[in-house]
Amino acid sequence: MTVGDQPLALAVVFSSISSRLPLLRNLTLVCADSWRREGVHRVWEQLGSITQVTSLEVLFRGADGAAGGPDNPNSCWMHQLAPLRGLTGLQRLCMDSCTRQQQEAGQGPLGSGFQFLEALTALTSLDIPTPSCQGLASISSCTSLQALRLRALPGQISSSSHGARLSNTDWEVVGQLERLSELRLRRSHQPRTLTVEGQQPMYAALSKLTALQSVGYVVWTTGALPALAALPELRSVQGLWVPMGDADGARCEKVTRLEHNTHRRSMVEFSAFPKLEVYYPTACSVDAQFWESMAAFCPNLREVCGPVEPTTGLLDFRKDSWDLRMTSTFDSTSAERLSAIRSLSQLTALTRLSFRSSHHLEVATLAEAVPSVRELHLVALQPVSCMSLAPLAKLCALTSLCLYLQDCSALQHQHDLPVLLSALSRVPKVVVAGLGESSALERVVQGAWNVGLLLPADLSVVCFATRSVGF
């Protein structure tokens with residue numbers, strides 16, 4: 001059930017909802033910008049009496065429907081949530097955002113008003129934004145928690161803001177949640193100064209979470225690897241990696257999934273993840289060592305792909321790390337890159353790949369190195385001719401090909417485009433995406449159909465006229 005709009009009206013509805021909907025278990029509450037402070041407390045009071053609810057999601061929305069709302073002091077005041085302590089049967093609680101005024105007032109989810117969490121001992125999943133870590137001790141009684149996600153607030157992440165840093169005491173509280181199988185601490189919990197010594201309290205807490213299967217943190221150092229390797233059930237790790245500290249030869253033998261927030265100075269110790277099967281970087285590094293190390297130490301890799309939008313199947317441009325309008329030169333260092341690309345031939349199980357190419361020779365080399373790939377996302381940073389992409393036709397196992405080009409409009413005048421598409425006709429799905437206008441390019445494709453050329457069964461053109469895209 002989803003409810004929202006005016007708080008006073010909702011309070012009336014909630015006052016009788018327990019008797020009228022005795023089987024209600026899942027409730028989503030939309031806190032609109034139109035809410036007024038004098039009416040909000042009535043909602044929370046009545047909501048706290050709907051004891052049959054086991055899942056509660058609270059969405060804070062501004063006038064435009066966006067998460068978080070504007071700087072409106074009359075929006076939902078989270079220090080009035082004390083009545084929710086009556087929901088003793090609640091198993092899942094998710095609050096997606098709160099207003100900037102609430103952040104500055106320290107009245108957000110782990111502030112003094114969130115002491116009611118100590119009464120919700122049945123919670124198994126808690127997902128909340130954290131403007132401050134004051135009151136974190138309140139979750140120490142939630143000993144049934146299996147998933148804990150503490151997220152940054154809108155506008156909280158900046159180069160000058162370190163958000164809510166977890167203290168030694170906070171980490172001790174987290175370490176008490178021994179049933180946790182998923183732990184996500186987002187950028188608001190980044191330490192002010194990144195040092196190996198400063199991360200020791202985190203390592204101590206992690207050592208107690210022996211049921212942990214998935215963990216995400218802001219910045220992992222190499223020195224964290226021994227702590228992660230000691231977790232017997234750990235399968236998935238997410239975060240940014242920096243070379244700091246000693247790995248002491250640690251090997252995370254059961255980790256099969258790695259989500260890497262890539263950065264130009266970031267480098268994963270692939271030797272520590274010998275059983276890795278899925279690697280999700282936010283960008284494909286241009287560093288040749290990246291590919292060589294991955295190929296040498298992770299022979300079981302099946303997927304190496306950037307973030308993909310679930311609705312379109314295309315790389316998620318909202319999380320872009322590379323701009324298609326960038327240029328790259330083919331110089332003496334590219335010979336090393338070609339060698340690194342050839343090393344991908346060691347990954348015989350690889351079926352899904354996203355790759356950033358800076359020269360047509362790299363396309364040809366890639367096609368020779370990864371014959372088993374079924375899904376390929378190829379980002380071409382250089383303006384390309386259609387025939388420079390022809391080697392992709394050699395990938396006999398391909399079932400899905402997404403080409404991300406600098407300028408779709410430049411291709412529309414190339415007479416060999418229909419020939420290229422015809423060569424790729426055996427690939428069931430082909431998408432041509434990039435910058436430029438799509439209408440002329442679509443006419444070229446339509447013309448190829450009209451003259452009877454055999455084209456991919458599922459062929460589409462996606463062009464972006466005004467924004468830069470990448471991954």
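Below, all heavy atoms of this structure are taken into account, side chains as well, without hydrogens, waters or symmetry copies. One is the number of the first residue; the rest follow in order along the sequence.
A donor-acceptor contact shorter than 3.5 Å is absent between the side chain of Thr221 and the backbone of Val242. Using modelled atom types, one side-chain atom of Thr399 and one backbone atom of Arg374 make a donor-acceptor pair closer than 3.5 Å. Side-chain N or O atoms of Thr28 include none that pairs as donor or acceptor with a backbone N or O of Glu57 at under 3.5 Å. Although no hydrogens or angles enter the test, the distance criterion places no donor-acceptor pair under 3.5 Å between the side chain of Arg352 and the main chain of His377. Of the possible donor and acceptor atoms, none in the side chain of Ser293 sits under 3.5 Å from a partner among the backbone N and O of Phe290. Listed for the Ser422 side chain is no donor-acceptor partner under 3.5 Å among the backbone atoms of Leu455.
By the 4.0 Å N-to-carboxylate-O rule, Lys275 lies too far from Glu277 to be salt-bridged with it. A salt bridge links Arg149 with Glu182: at least one charged nitrogen is closer than 4.0 Å to a carboxylate oxygen. Comment: Glu368 engages Lys394 in a salt bridge, judged by a side-chain N to carboxylate O separation of less than 4.0 angstrom.
Remark: the Glu362 side chain and the His360 side chain contain no N/O donor-acceptor pair separated by less than 3.5 Å. For the residue pair Arg184 / Ser214, a side-chain donor-acceptor distance below 3.5 Å is found, with atom types taken as modelled. Looking at Gln446 and Asn450, their side chains do bring a donor and an acceptor atom within 3.5 Å of each other.
The two residues Leu93 and Leu117 have their closest heavy-atom pair at CD2-CD2, 3.9 Å.
Between Trp171 and Tyr203, the gap from one ring centroid to the other reaches at least 6.0 Å.
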Steps toward side chain to side chain donor-acceptor pair (under 3.5 Å) verdict (Ser125, Arg92): CA-CA 5 Å; Ser125 177; Arg92 174 181 177 268; 4.8 Å; no

Verdict with reasoning, Tyr217 to Gln238, per side chain to side chain donor-acceptor pair (under 3.5 Å): CA-CA 6 Å; Tyr217 189 55; Gln238 185 270 332; over 6 Å; no

Please step through side chain to side chain contact (heavy atoms under 4.5 Å, CB included) for the pair Leu228 and Leu234, ending with a clear verdict. CA-CA 8 Å; Leu228 295 176; Leu234 190 62; 4.0 Å; yes

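Screening Phe270, Phe297, Phe273 for a ring-ring contact (aromatic ring centres under 6.0 Å, His included) involving Tyr279 leaves a single residue, Phe270.
No side-chain heavy atom of Asn300 sits under 4.5 Å from any side-chain heavy atom of Leu276.
Dense packing is recorded around CZ of Arg235, with more than 12 heavy atoms of other residues, nucleotides or ligands lying under 6.0 Å away.
Put simply, CD on Glu233 and CG on Leu180 are 14.0 Å apart, with the number rounded to the nearest 0.5 Å. To the nearest 0.5 Å, atom CE of residue Met294 and atom CG of residue Leu258 are 11.0 Å apart. Rounding to the nearest 0.5 angstrom, the gap separating the CG atom in Leu150 from the CD1 atom in Ile139 is 6.0 Å. Distance check, rounded to the nearest 0.5 Å: CG of Leu366 to CG of Leu338 gives 10.5 Å.
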